[in-house]
Amino acid sequence: MANIRTMTFDAVIVGGGGSGMRAALQLAQSGYKTAVITKVFPTRSHTVSAQGGITCAIASDDPNDQWQWHMYDTVKGADFIGDQEAIEYMCQTGPEAIFELEHMGLPFSRTEEGRIYQRPFGGQSKDFGKGGQAARTCAAADRTGHALLHTLYQGNLKNETTFLNEWFAVDIVKNSDNAVVGVVALNIETGETVYVKSKATVFATGGAGRIYASTTNAHICTGDGIGMALRAGFPVQDIEMWQFHPTGIHGAGTLVTEGCRGEGGYLVNKDGERFMERYAPNAKDLAGRDVVARSMVLEILEGRGCGPDGDHVYLKLDHLGEETLNAKLPGILELSRTFAHADPVKEPIPVVPTCHYMMGGIPTNVNGQALTVDGEGNDQVIEGFYACGEAACVSVHGANRLGGNSLLDLVVFGRASGMFIEQQLREGVELKDASEADIEAAMAGLNELNDSTGGENASVLRAELQTIMQNYFGVFRRGDFMQEGIAKLAALRPRIKNVALSDKSNAFNTSRIEALELQNLFEVAEATAITAEARTESRGAHAREDFQERDDVNWLCHSLFFPADKRVGKRDVNFTLKTREAFEPQIRTY
Amino acid sequence: MLNVSIYRYNPEVDSEPYMQDFEFDTQGKDIMVLDVLEKLKIEDPTLVFRRSCREGVCGSDGMNISGKNGLACVTPLSSVVKKNKLVIRPLPGLPVIRDLVIDMSQFYAQYEKIQPYMINDTPAPAIERLQSQEERAKLDGLYECILCACCSTACPSFWWNPDKFIGPSGLLQAYRFLADSRDTATEARLSNLDDPFSVFRCHGIMNCVQVCPKGLNPTKAIGHIRDMLMRTAT
C-alpha cells in the first residue's frame with residue numbers, strides 16, 4: 001500500500017531555477033494553484049552562477065539590430081541541428097521577455113542613453129554573418145544570473161507562488177495511459193514522502209554537469225529530471241552534446257565569463273601568442289565555444305600550454321585597465337583572486353575548457369510539451385508532462401549553444417510553458433487518477449535505497465563515474481575509447497544501484513539525497529556515452545577523432561536515446577520557419 | 001594533521017548537541033573550508049551541511065567558522081585556522097535542524113516583510129524603463145546580496161528580536177528598492193518600516209559589515225533608511 005499523503009495542485013514545477021520560476025510566475029499570475037518543488041532554496045539554484053548576460057536583439061547597442069540576425073547566429077552556432085521553429089520563436093519573443101524582466105526590477109547595467117547595456121559575446125554577428133561582430137548580450141555587470149534569479153524569486157513572492165523548498169522529487173508518477181500525473185517527492189527537512197499530484201508536471205530540473213570531474217556546474221547539477229524521465233521510460237534527445245566552456249579556472253573549475261573576451265580580453269599560450277587568430281581569423285577569441293575549446297586543447301596537446309605541467313592557457317585582461325574591470329567584471333576579479341590566486345588587474349587567469357552545459361535533454365515542442373515518438377517515428381506528446389530550461393531540448397542550442405542563449409532559453413520557454421499550461425487548464429484537463437500501484441511504482445527506487453544494506457560509498461562511486469566521463473567522453477572523442485568507457489559504465493551500474501545508505505535517519509538526511517542524485521547522474525552519463533558512440537560524425541561540441549567531418553547525409557538530425565532497450569534513434573530537425581525560409585546548412589567557420 | 005571541531009546534532013539520535021573532533025590531512029594545501037567538509041563527509045556520511053555553487057554566489061553554506069560567520073566555499077583554511085585548529089558551528093541565533101543546517105524561516109520572513117520586489121504603478125512602456133547610469137550606480141552594493149544570512153545571524157539585535165527587527169540583510173534589500181529610480185512605492189515602503197523595531201533596533205555596531213562575504217555594507221544602507229524616515233517625519 002502506498003500509504004503516503006497526497007498534495008494536489010493544478011500545476012507543479014520541479015526545479016526553482018530560472019526556467020522553473022519563470023513558468024511558475026506565469027501560472028501564479030493566472031491564479032492556478034501552482035507549486036514549485038525545489039531541492040534548494042530557489043536563489044541557490046544554478047542560474048545564480050550565470051555571469052555574462054542574456055542575448056537578445058533589443059536594439060540598444062545597435063538601434064538597427066534585428067532578431068533575425070540573432071536567429072541566424074543561433075542556427076549556425078548550433079551547427080544546424082537546432083530546431084529552426086524554436087529558434088525563431090525564441091529570438092522573436094525574446095525582447096518582450098527581457099522587457100518584462102526589466103519591468104519586474106532586474107537591475108540591468110545601462111548605456112549612456114539609459115537603455116539596457118549590451119556586450120559582445122561569441123558567435124554574434126550583424127547582417128547574417130556579413131556585418132561583423134555584434135554586441136547583443138544584455139548584462140547586469142557580470143552577475144546577470146544572480147540578478148535574474150533573484151528578480152524571478154521576488155516576482156513569485158509578489159504573486160504568492162507556493163514553494164516546497166528543500167523538497168526532492170524522486171520519481172515520476174504515470175497513470176495507466178502512460179500520462180504523467182505528478183511526482184513522488186521527499187521533504188528533505190522531515191524525511192516525509194508525499195505524492196504531489198498535478199494536471200501538469202513541468203521539469204525545470206537544470207543540467208547535469210556533475211557527470212564530469214571538471215565542471216563549472218554547482219554540486220546540485222545532477223540531472224535529476226533526466227534521470228527521472230529515463231527511469232520512466234521516456235527518451236532524451238541530443239544528450240551526447242555537452243558544451244565545454246573555454247574558460248573554467250584551472251584546478252577549481254569555476255566559470256570565467258565569455259564576457260571577459262567580449263570586453264576585449266584574449267587567450268594566450270605559453271609563448272604569449274594570441275593563438276585564436278590562427279584558428280578563427282575573423283571572430284578570433286569570440287568564435288563559437290566549441291571552436292575555442294578545441295583550439296585550447298590543441299594548443300595544450302601540442303606543447304604550448306602554460307604552467308609547470310603545460311596543462312592550461314592564459315586569459316589576459318590586464319590591458320583593459322582596472323577601472324573597466326571594476327565596472328564591467330567585478331565578480332570575475334573576486335573569483336580569480338579567490339580560486340586562481342591571480343589578480344586579473346595585473347596578471348592573466350589560468351583557464352582550461354571545463355564542462356559547462358547540456359545541450360540535450362527532454363525533447364519538447366515550443367509549448368514545453370514533452371515528446372516521444374511512435375513506432376512510425378511521428379512525434380507524440382506525453383500527456384501531462386512538460387520541460388523547459390536546460391533539462392529540456394526544445395531544441396534551440398542544437399550541437400553547440402551560443403553564450404548568453406541559455407538565460408534567454410530559460411525565460412522564453414519557461415514563460416511559453418506557463419502560458420500553454422494556463423490555456424490547457426482553462427480548457428479543462430482530464431487525466432486518469434494514478435492507482436495505488438502507479439504510485440508504488442514511483443516509490444520503488446526510494447524504497448529499495450531505504451532498505452539497502454551494504455554497498456559502496458556514494459562519493460567514491462560518484463568520483464569513479466566522473467573520471468570515466470572525463471577520460472572517455474571529453475572535448476575530443478574516439479570510437480574505441482568510447483566503447484571502453486561504455487563497458488566501464490556497464491560495470492559501474494550494479495554498484496551504483498546498490499549504493500550504500502548507512503544513515504537511515506529522516507531529518508535533513510543529505511546522504512539519502514546524494515545517493516538518489518548519484519543514480520540520476522548515472523542515467524545521464526550512460527545515455528551520453530551510448531549516444532556519443534553512436535553519432536559517427538563531428539558536429540558542434542561533439543568532436544570525433546575517427547569521424548572528423550560533419551555528415552549531413554546521415555546525421556543532420558537529432559539523436560534520441562530510448563532507455564528501455566538503450567537504443568539510439570533519430571528525429572528530424574525542424575526547418576519550418578513561420579516568417580522566412582529556413583537557413584540551409586553551410587560550412588561553419590568563424 | 002589539522003584538528004577540525006564540528007558542531008553535531010541529529011534530533012533523532014542526540015538529546016543535545018556536542019562538538020566532534022576530526023583529524024584532517026590537508027596535504028599542505030590551502031583548500032577551502034567546504035572542501036574539508038566534503039572530504040569529511042566521505043568518512044562520516046552522517047555529517048550534514050548545505051552547499052550548492054561552491055563559488056560564493058548562491059549563499060547556501062553560511063556557517064560560523066572559527067568564531068566568524070562566512071561562506072565555507074570561499075573561506076581558505078589559511079584565514080581561519082588558529083593553532084592548527086578549525087572550529088565549525090552553524091550560524092548563530094536561529095534554530096538548528098541538524099548539524100550545520102539551520103532553520104532560516106525567520107530570516108526569510110523578514111526578507112518577505114520588506115516587499116522585496118519592484119512596485120511601479122505607472123503603465124509599463126513597450127521597451128525597458130529608462131534608467132541613467134548614475135541612477136543605476138545607486139543599486140551597486142545592494143543588489144548583490146545572496147541571502148546567506150551571515151550578517152543577520154551576526155547581529156545581536158537580530159538575535160534578540162528576530163521577529164520584529166528586520167535585520168541587516170532585509171534592510172539592505174529594503175534600501176535596494178528605496179534607492180531604485182524605477183520604484184514608485186517609497187512612501188508605502190517607509191511607512192511599513194516606521195516603528196521602533198523594524199529599523200531602529202540597529203545600533204550601528206557593524207558586525208554585519210565585518211562578516212559580509214560579498215563585501216556589502218548593510219549598516220550604511222540602514223543609515224540611509226533612517227535618514228529617509230527622519231525626513232518624512234519632519
Side-chain angles (χ1 to χ4, degrees), chain A residues 40-41 43-46 48-49 58 60 95 98-100 102-105 107-116 140-141 143 145-147 150-151 153-155 157-158 189 218-220 252 254-255 330-331 334-335 338-339 457-460 500-503 505-511 514, chain B residues 10-13 32 38-39 41-42 45-60 74 76 97-99 101 103-104 108 111-112 115-120 124-133 135-137 139-140 142-147 176-177 180 182-183 214-215:
Chain A
V40 292
F41 182 78
T43 64
R44 326 280 183 219
S45 306
H46 189 53
V48 82
S49 293
I58 60 161
S60 163
I98 299 287
F99 295 140
E100 278 170 7
E102 196 282 333
H103 298 156
M104 284 167 60
F108 281 111
S109 300
R110 298 290 168 158
T111 65
E112 278 176 18
E113 293 75 38
R115 293 207 58 193
I116 293 171
R143 301 188 180 96
H146 164 93
H150 281 256
T151 302
Y153 181 59
Q154 292 160 354
L157 285 179
K158 191 177 184 179
E189 188 181 330
H219 285 292
I220 58 169
T254 42
L255 173 68
E334 203 178 307
L335 282 172
T338 306
F339 288 102
N457 187 298
S459 307
V460 175
L501 181 66
S502 54
D503 178 6
S505 60
N506 287 315
F508 225 100
N509 185 342
T510 53
S511 282
E514 286 184 28
Chain B
N10 179 347
E12 290 166 61
V13 182
M32 300 296 174
E38 290 283 356
K39 290 203 167 73
K41 190 170 171 66
I42 300 175
T46 67
L47 177 63
V48 171
F49 49 91
R50 291 185 174 108
R51 87 281 181 270
S52 173
C53 76
R54 61 80 169 91
E55 57 188 25
V57 297
C58 80
S60 295
V74 288
I97 294 173
R98 178 173 173 178
D99 293 348
V101 173
D103 179 352
M104 296 175 75
Y108 295 136
Y111 174 65
E112 288 173 30
Q115 298 183 297
Y117 37 79
M118 172 78 62
I119 300 173
N120 187 319
I127 59 165
E128 69 269 44
R129 289 197 161 93
L130 300 183
Q131 185 174 47
S132 72
Q133 289 177 337
E135 286 167 336
R136 170 58 183 78
L139 307 184
D140 286 333
L142 305 173
Y143 83 95
E144 300 93 326
C145 174
I146 58 175
L147 302 178
R176 177 250 173 275
F177 289 98
D180 197 319
R182 302 168 294 171
D183 190 276
K214 305 309 288 181

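The basis for the numbers below is simple: all heavy atoms, side chains too, and nothing from hydrogens, waters or symmetry mates. Proteins get letters first, then strands, A, B, ... in listed order; numbering begins at 1 in each.
- Neither the backbone nor the side chain of A/His46 comes within contact range of chain B; no heavy atoms are under 4.5 Å apart.
- For B/Glu128, the parts lying near chain A are the backbone and the side chain together; criterion is any non-hydrogen pair under 4.5 Å.
- When heavy atoms are compared at a cutoff of 4.5 Å, B/Phe49 approaches chain A solely by way of its backbone atoms N, CA, C and O.
- Counting only distance, with no hydrogens or angles, the side chain of A/Lys158 and the backbone of B/Met118 share a donor-acceptor pair below 3.5 Å.
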Would you check, one step at a time, whether the test side chain to side chain donor-acceptor pair (under 3.5 Å) holds for A/Thr510 with B/Lys41? CA-CA 10 Å; A/Thr510 53; B/Lys41 190 170 171 66; 3.0 Å; yes
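- Between the side chain of B/Arg129 and the main chain of A/Arg115, no donor-acceptor pair closer than 3.5 Å is present.
- Contact annotation for B/Leu139: only side-chain heavy atoms (C-beta onward) come within less than 4.5 Å of a heavy atom of chain A.
- Using a 4.5 Å cut-off between heavy atoms, A/Leu255 contacts chain B through its backbone alone, with no side-chain atom that close.
- With a threshold of 4.5 angstrom between heavy atoms, A/Phe508 approaches chain B through its backbone and through its side chain.
- Proximity to chain A (any heavy atom under 4.5 Å) is shown, for B/Ile146, by both the backbone and the side chain.
- The cationic atom of B/Arg136 (NZ for Lys, CZ for Arg) lies less than 6.0 Å from the six-membered ring centre of B/Tyr143 and within 45° of the ring axis.
- Ring centers of B/Tyr117 and A/Tyr153: at least 6.0 Å apart, outside the cut-off.
- Side chain of A/Thr254 to main chain of B/Glu55: no donor-acceptor pair is present (N/O by atom type, distance under 3.5 Å, no hydrogens or angles).
- For the set A/Ala218, A/Pro107, A/Gly155, A/Ser511, the entry with the most heavy-atom pairs within less than 4.5 Å of chain B is A/Pro107.
- Here B/Arg182 pairs with A/Glu102, B/Asp180 under the salt bridge (Lys or Arg N to Asp or Glu O under 4.0 Å) rule; sequence neighbours left out.
- For a residue to count as touching a neighbouring chain, one of its non-hydrogen atoms must lie under 4.5 Å from one of that chain's; by this rule B/Pro125 touches chain A with backbone and side chain alike.
- In this structure, the portion of A/Leu335 lying under 4.5 Å from any heavy atom of chain B is its side chain and not its backbone.
- For B/Val48, the parts sitting under 4.5 Å from any heavy atom of chain A are the backbone and the side chain alike.
- At a 4.5 Å heavy-atom cutoff, the contact between B/Ala126 and chain A is made by backbone atoms alone.
- The choice from A/Arg110, A/Glu113, A/Gln154, A/Met104 that makes the most heavy-atom pairs within less than 4.5 Å of chain B is A/Arg110.
- In terms of the salt bridge (Lys or Arg N to Asp or Glu O under 4.0 Å) criterion, B/Asp103 has no residue partners (sequence neighbours excluded).
- Side-chain atoms of A/His103 come within 3.5 Å of backbone atoms of B/Ile127 as a donor-acceptor pair (strictly under, hydrogens ignored).
- Listed for the A/Ser109 side chain is a donor-acceptor partner under 3.5 Å among the backbone atoms of A/Ala141.
- A salt bridge is absent between B/Arg98 and B/Glu12; no separation between the charged side-chain nitrogens and carboxylate oxygens falls under 4.0 Å.
- Looking at A/Ala252, only its backbone comes within 4.5 Å of chain B, counting heavy atoms on both sides.
- Contacts between B/Pro116 and chain A at a heavy-atom distance below 4.5 Å involve backbone atoms as well as side-chain atoms.
- Only the side chain of B/Asn10 comes within less than 4.5 Å of a heavy atom of chain A; its backbone N, CA, C and O stay farther away.
- Using a 4.5 Å cut-off between heavy atoms, B/Glu144 contacts chain A through both its backbone and its side chain.
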